J.: 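Shown below is the structure under consideration.
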Amino acid sequence: MAVYEVVIDDKRCKGCGICVISCPKDCLEISSNFNQAGYYYPAMVKAEDCTGCGACVKLCPDFAVTVYEPLEETGS
Amino acid sequence: MAVYEVVIDDKRCKGCGICVISCPKDCLEISSNFNQAGYYYPAMVKAEDCTGCGACVKLCPDFAVTVYEPLEETGS
Amino acid sequence: MTDKKVRHGNPALFNAMMQPHFCPGCHYGTILRCFAEALEETGVVQDSVLVTGIGCSMVSMHYIKGLEGVVALHGRAPAVATGVKRSLGKDKLVITMQGDGDLSAIGMGEIMGAANRFEKLMTIFLNNANFGTTGGQAAPTSLPGQVTPTTPLGKDTDVAGFPIHMAELMTNVKGVVYSFRGAVNTHKRYNQTRKALVTAILKNKENAGYSFVEILSACPPGHHVKPKDSLALVDKLIGEFPLGEFKNTDRPA
Amino acid sequence: MTDKKVRHGNPALFNAMMQPHFCPGCHYGTILRCFAEALEETGVVQDSVLVTGIGCSMVSMHYIKGLEGVVALHGRAPAVATGVKRSLGKDKLVITMQGDGDLSAIGMGEIMGAANRFEKLMTIFLNNANFGTTGGQAAPTSLPGQVTPTTPLGKDTDVAGFPIHMAELMTNVKGVVYSFRGAVNTHKRYNQTRKALVTAILKNKENAGYSFVEILSACPPGHHVKPKDSLALVDKLIGEFPLGEFKNTDRPA
Amino acid sequence: MIEEKRMLCTGNDAIGWGAVAAGCEFFCGYPITPQNEIPAWFAKNLPEHGGTFVQVESEISSINMLLGFVATGKRGITTTSSPGYSLMQEGISCMHAMQLPAVVVDVQRGGPGSGSIATAQTDYNFAVKSAGHGGCKSIVLAPSSPQECHDLVQLAFHLADKYRILCVVLPDAIVGQSAEMMTVKTIDFEEELPKKTWAIATSGEKKGARLVLDSFMPFNYASYFPIIKRKTDQIEQNEIRYEEKMTQDADILIASWGSTARTSLEAIAKARAEGLKVGLFRPITLYPFPKEALQKAASNVKHVLVVEDNQGQMLQDVEWALEGKKPISFLGIDKRDQPGGMGLLYPKPIIEELRRIEI
Amino acid sequence: MIEEKRMLCTGNDAIGWGAVAAGCEFFCGYPITPQNEIPAWFAKNLPEHGGTFVQVESEISSINMLLGFVATGKRGITTTSSPGYSLMQEGISCMHAMQLPAVVVDVQRGGPGSGSIATAQTDYNFAVKSAGHGGCKSIVLAPSSPQECHDLVQLAFHLADKYRILCVVLPDAIVGQSAEMMTVKTIDFEEELPKKTWAIATSGEKKGARLVLDSFMPFNYASYFPIIKRKTDQIEQNEIRYEEKMTQDADILIASWGSTARTSLEAIAKARAEGLKVGLFRPITLYPFPKEALQKAASNVKHVLVVEDNQGQMLQDVEWALEGKKPISFLGIDKRDQPGGMGLLYPKPIIEELRRIEI
Amino acid sequence: MSEEKRHELIVGGTGGQGVITIAYAIAAAASEKYKYVTRFPIYMATQRGGPALATVIFSDEEIPAPILSSSDNAIAMESGAYNRLKKEVNPGGRLLVNSSIVTKLTETDEYKTLRIPVTDLAQEMGKPQMANMIMLGAYREISGVLTEELVFKAMEKDSGEDRFAVAKEAFEKGKAYAVNNGMV
Amino acid sequence: MSEEKRHELIVGGTGGQGVITIAYAIAAAASEKYKYVTRFPIYMATQRGGPALATVIFSDEEIPAPILSSSDNAIAMESGAYNRLKKEVNPGGRLLVNSSIVTKLTETDEYKTLRIPVTDLAQEMGKPQMANMIMLGAYREISGVLTEELVFKAMEKDSGEDRFAVAKEAFEKGKAYAVNNGMV
Ligand SMILES: Cc1ncc(C[n+]2csc(CCOP(=O)(O)OP(=O)(O)O)c2C)c(N)n1
Ligand SMILES: Cc1ncc(C[n+]2csc(CCOP(=O)(O)OP(=O)(O)O)c2C)c(N)n1
Ligand code: SF4
Ligand code: SF4
Ligand code: SF4
Ligand code: SF4
Ligand code: SF4
Ligand code: SF4
Ligand SMILES: [Mg+2]
Ligand SMILES: [Mg+2]
């Protein structure tokens, strides 16, 4: 099961594909959806492979990617 | 007897003393004569020591020095 | 997934009101993120002023919360920054951000003048090997053979010269205490560049001298490549411009 | 003495109509002689144009017979020279002569721009570590502690920077094929400098690239020394600026 | 000489065509919007016409490089836009000092500083009133169409050589960036031009540092200013150019230059349709200013309206020419349709103003 | 506030004293004759008064460094002479775009290009008509003595802050290099100045990129030009300054500025001794030009003679102001006693001209 | 449809969408047929993504001003342009809208609004860059100005052979959409 | 000698001869006594050796112009300056000439010409740089303007203590020469 959640802010995305190329696990792919500006944004295709490394976040020029991890439930 | 003749063009000379300092044989000295512009120009004081090296000529900033040598009489 | 927290997100200093105005695939946004992270790490943003040059990065201060700035005339950022720094004094950091046209063409006199005067400034030099803003003309940094509006048959070194290596050139100026060239086209290089920015900021903070950080960047339209090929484009630039730290010295005396 | 001939006299190219306008003890006259000798040796004067900067050497073309020239605006000689060279083509030599204020202060952009554009020019850089013409103000080349009208307490490197080493800096530009620093305060150095000028002229003649010859010079009033101490003054400059050949390469490709 | 041809062409490209048609052998320049098409045009086309293109590291170097090139007696040009034109002032002044013939084009962009990259006519005073420090004046030509860009660049080269003077061509960005049908053709000005005996290194026989001695250092007031005076007298006498449209019966005269003259023309057509008799006076030479022609054109009108895409610059010259004899009002940049960089001065506010004027 | 004292002082040094008296905290500049005494003065004296002196690598850097300094809300100055003033145009234009208050001094030297290092008044048009590209205008003040250098520099700082505008002080080299008795004293202009809320990094509480947003990029015509218009209207209304001497009964009015006004005054004294009734009108603010005051001063004279050490520059403003109502003639640089750099415009040719004028 | 004496068009979008190219093609085609043609880019965005607008006028009579504050014809490639242009179409004129992107439209009877989902159509083709050529095809067909041949000639001149083939295909797609949806 | 209401002086020579220094000393001294003083360097040579000229005026009344095209008093330190100044001395005025260097003098009755061999006198002192101070001493004595004390005060302010002693010695030498040669 996927540990990390990768969220693309499709309004910000310009469909450059940098996140797709820079993901070491090839988790992302450009989808066939486009936003208001006409850009095709990416989607997660291999959620289970994602290591949460953050390459997609850091290298996205448009501040459009966020990687989430599960909250460690303390005290349980 | 002096072999080389060192001639100072006193009109050009600005009395800087560079020729005096740069002569390796200390042949020149600033004289007590001054020109129309008020500059004290140098004079030869040790003609016999002059090696004709040309340092005084080359280093004079005011194109004021010439070193002559005797004409070799060819065919005599 | 149940409850979650951000593992990798936008830096807290990023002004989320801004929608980056850069072209798809441009690395300027990435570099701004990297810079914002370095400012965050060093905690200096409240004491910093950013002076930008004219180029696609000219409104960079708007992207970072709490960063004041001046947009200098084309090429003059180091002079403007000097004025700001001389006024604000040792406790403030003044940083310039300039493109390669801005810094290595029209602004060569200003960067050399300020560095040689031993100004306690830092410069972030965005080298995308062309004049992005004006339509991709050749810059002094452009590669041999590069096709641009002003080199339609490819840059001919015989008449347009070779790419200038600013990070190396700066090492010859005694007032320069730090010189580095990085890129942001891989995660690792991103981190190295961030570290270099942190180092430069800290040098600036202690008024050690002039710090210079060159960052190679992609300009897809200028280089006639697709946005997705922007990472490979920077690899090509690295072929001409080696990455690394070229100078890191103490304050000279 | 009987019949005699000149053993060492003024170069044939020296325009004897001119009375040097330099101050007593200034080395500019000596440098002009040295340059005239190099032009004579290489036989290129009829094919040469001299572009001077603004400074005490600005009317240098008048001292050399048959040398055409243009007096450029302050700092802009390399740009003007480029225009002349691009018009006249490969068969003509275009040489700039610029002071240290002219070249390393206001003209830094132009010299770096032209050299980086791989112009086939030659520059004679007269470094007397001050702005002679305007009354001896500090130049980017001035020595730490040097007292001038703009550094009345001596040049403080913390606010005015360290002396810039142009001959070394130029080696970092790929288009530069020759870089040398000489002096004319001894007979031997005079001869070395002349040789360097000859080398640079020949490089220029074959359009190999940019040639740069820096010559240290005395400016007695600017340095508050007597004319006769001008030779020693240059020794002091050599302490900061080492003499020698810094680059001598073939035409880069 | 260039082969005659007709084409759809921008004002910016027309400058290239005009230069090549005039035998220009050199372009140097530094990119700046809204004239980037000009260096691109030269980069592509000048070599084919036997000329040399150089992209320079700054506008300061551009103007000085141009100086060096034209000092050898050949024709050369540089082009820029407002901030770059500011940077060229010292060099421009120097070319006047040396009396070097050359052509400089300023495709104006908006406002001071880095300003806007869009059109404006905010450089009138700057280009017309003084060629940098020292108070010389360049001949300043203001085209209002691509065809006129092409023609006036050729005229600029001609006048430059005729008077040994620097000529400035001053389009606004509307003129530079709009494309229209245009005929490329070398214009024969039917005047013999003086030989460039002052040029350096053009002949085998050496002339010494001619340029320098003739006109430069040491600066000789007595030999310099009288020459300049004679020259400017001749220029003011012979080289005035302007266009008049529908002035015969006009009650209102619009004085306008460059693209706003054409915008005014559209307003005039509509105003005439409403029965208002309006005419147009368009100076083509901004310096020399067509003072007497304007006086004549205005002699029977009841009101003069100056229209410029700026804050009122030619206005003072119009006031100066008309010596308080006619009521003069101004319509300018604050009447653009939009505040931002995309705003333009359209015919509409002009028509409204024409309706308001009481005659 | 500075201790009041009286001394023999050159106009150049007086600029330093005036600046320090006005609380100026920054000087940056690049050497150029005939104003090298100014940087030397600041290098020596500014640190003692708590200010910072920087010798810059060029005039372009100087003006931009000044921009950076004053952007922090403090008072700063740069000084230069004509060629350097040319190089500052883009920066000057930018300071208008950003509406930054600062003082720039141009101690004029002669002619275009590198020209002569001696005096002239050849920068009138250049300084007055346009502050670089974009068509803004600086307030331009022309002193005619060291005392006035000192006073007008203070006024320049005051007006700069009052209107958030760049002020230019425009001495000629005679004014800059001659020494006279002068009193150093901080002038109280008795007006409260607006707070510099726009300045960067002056308070703990951060304001974001204020300067940038307020007035710079993206360039906003609608918010910019109306502000400038309001400002210039106020300036033209409130800040006109001029001097009149012996105009009451004058048949001939000499209009002159800077040092030539004083030369004219000597000529006037001699002419009056010969029975000629001559008066002097001297604009002190060249922009705003004292148009109405000149009209008034000239209302009863029969002839106006414009005297300038140039080719006729203020002349057009005088013609513009007088609207063809008075005969106007000009006496200028070609009446110097000597052609070379040592030539000056002396009272003699002015007296001769006054005798020639038919009234 | 009868030939017009004077035709006006404003094309608006963002930099990178090729609005300038549409205007260029129309103007170039018109230059083969009309004595007077003007083409003017009101604003040329520097970076991709900024606003870009261009106007075209062609006429048998001299064109006084090359700029247009309102027009008989307009094309809006995205929302920013639509919001501007919806106020600048002359009564009785027409406004073509890229309805893939512009989804919120203001109803009006003043002029005709024609919705063409060119981004979707381009994606169908697998050529997202060709949205502008699709719009050009629709526009030519709907307005009936000039001739297809003239426009093709202009397009061919502007692009290489390969790209022209694709552009032509896109043009045809736009034409077909207009025809099939009763817009002609 | 009675005090003048207005005193005029032009000093000419070449850069490096210290002509400006003479003018400075006179003007500074005058500033202690007169309400109005002007001092103006007509030309400041850049390099040593170029022409240098300075004027001084002091007066009880306002001085309209600080420049002088002719003067009651003049000093010529070398030939170039002499050739200019010989035409600029007012009738009845005086011209002091450095007769060590200026050997060709034009005879005139218009004004008094006074020959002082200041370069020779300086050499006698072994201080070639002090020729200007010798001239100053002679000038003060011959013209009788101001007072010796005022001039000394000005000289002292301008130079350091050491140099003032030498300068004073030179001044005295000039004064003595003027007295001994009946010039006063
Ligand atoms: C004086 C002046 N000249 C030219 C320009 C036009 N201009 C704006 S940005 C730029 C070059 C931009 O190149 P670079 O600095 O590399 O920045 P990039 O756009 O690549 O980020 C130029 C030439 C200007 N604004 N000012
Ligand atoms: C634009 C401009 N700024 C300043 C000057 C004044 N100026 C003339 S020469 C010079 C510096 C001279 O120094 P350098 O180049 O070292 O020559 P040097 O006199 O020492 O031979 C300066 C600042 C000028 N002529 N033009
Ligand atoms: S976090 Fe790393 S592994 Fe996960 S999608 Fe992003 S780049 Fe790929
Ligand atoms: S890197 Fe960012 S902008 Fe590019 S495709 Fe991925 S999410 Fe979109
Ligand atoms: S030639 Fe040589 S040895 Fe003779 S005087 Fe000159 S320097 Fe001295
Ligand atoms: S080096 Fe020349 S100028 Fe100097 S003292 Fe000797 S001869 Fe005279
Ligand atoms: S033009 Fe180049 S540098 Fe500018 S935003 Fe686009 S990609 Fe980035
Ligand atoms: S000022 Fe200096 S550089 Fe100039 S001539 Fe005199 S000594 Fe030489
Ligand atoms: Mg770039
Ligand atoms: Mg120097």
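Keep in mind it's a predicted model, so treat the numbers as computed, not measured. Order of the sequence lines fixes the chain letters, A, B, ..., with proteins taken first and strands second; residue numbering starts at 1 for each chain.
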J.: Which atoms of F:Phe53 are under 4.5 Å from chain D, going by heavy atoms: the side chain, the backbone, both sets, or neither?
T.: side chain
J.: What orientation do F:Phe26 and F:Phe69 show, parallel under 30°, tilted 30 to 60°, or perpendicular over 60°?
T.: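 F:Phe26 vs F:Phe69 ring planes: parallel.
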J.: Report the relative orientation of the aromatic rings in D:Tyr63 and D:Phe14; use parallel for angles under 30°, tilted for 30 to 60°, perpendicular for over 60°.
T.: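 Ring orientation, 0 to 90° scale: parallel.
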J.: Looking at D:Ala138, D:Gly109, D:Gly107, D:Ala160, which has the largest count of heavy-atom pairs under 4.5 Å with chain F?
T.: D:Ala138
J.: Taking the side chain from D:Thr52 and the backbone from D:Val59, do they hold a donor-acceptor pair closer than 3.5 Å?
T.: no
J.: Hey, what's the ring geometry for D:His165 with D:Phe241, parallel, tilted or perpendicular (30° and 60° as the breaks)?
T.: tilted
J.: For D:Pro149, is it the side chain, the backbone, both, or neither that has a heavy atom closer than 4.5 Å to a heavy atom of chain F?
T.: both
J.: Using non-hydrogen atoms only, which part of F:Leu87 is less than 4.5 Å away from chain D: side chain, backbone, both, or neither?
T.: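 Contact with chain D: side chain only.
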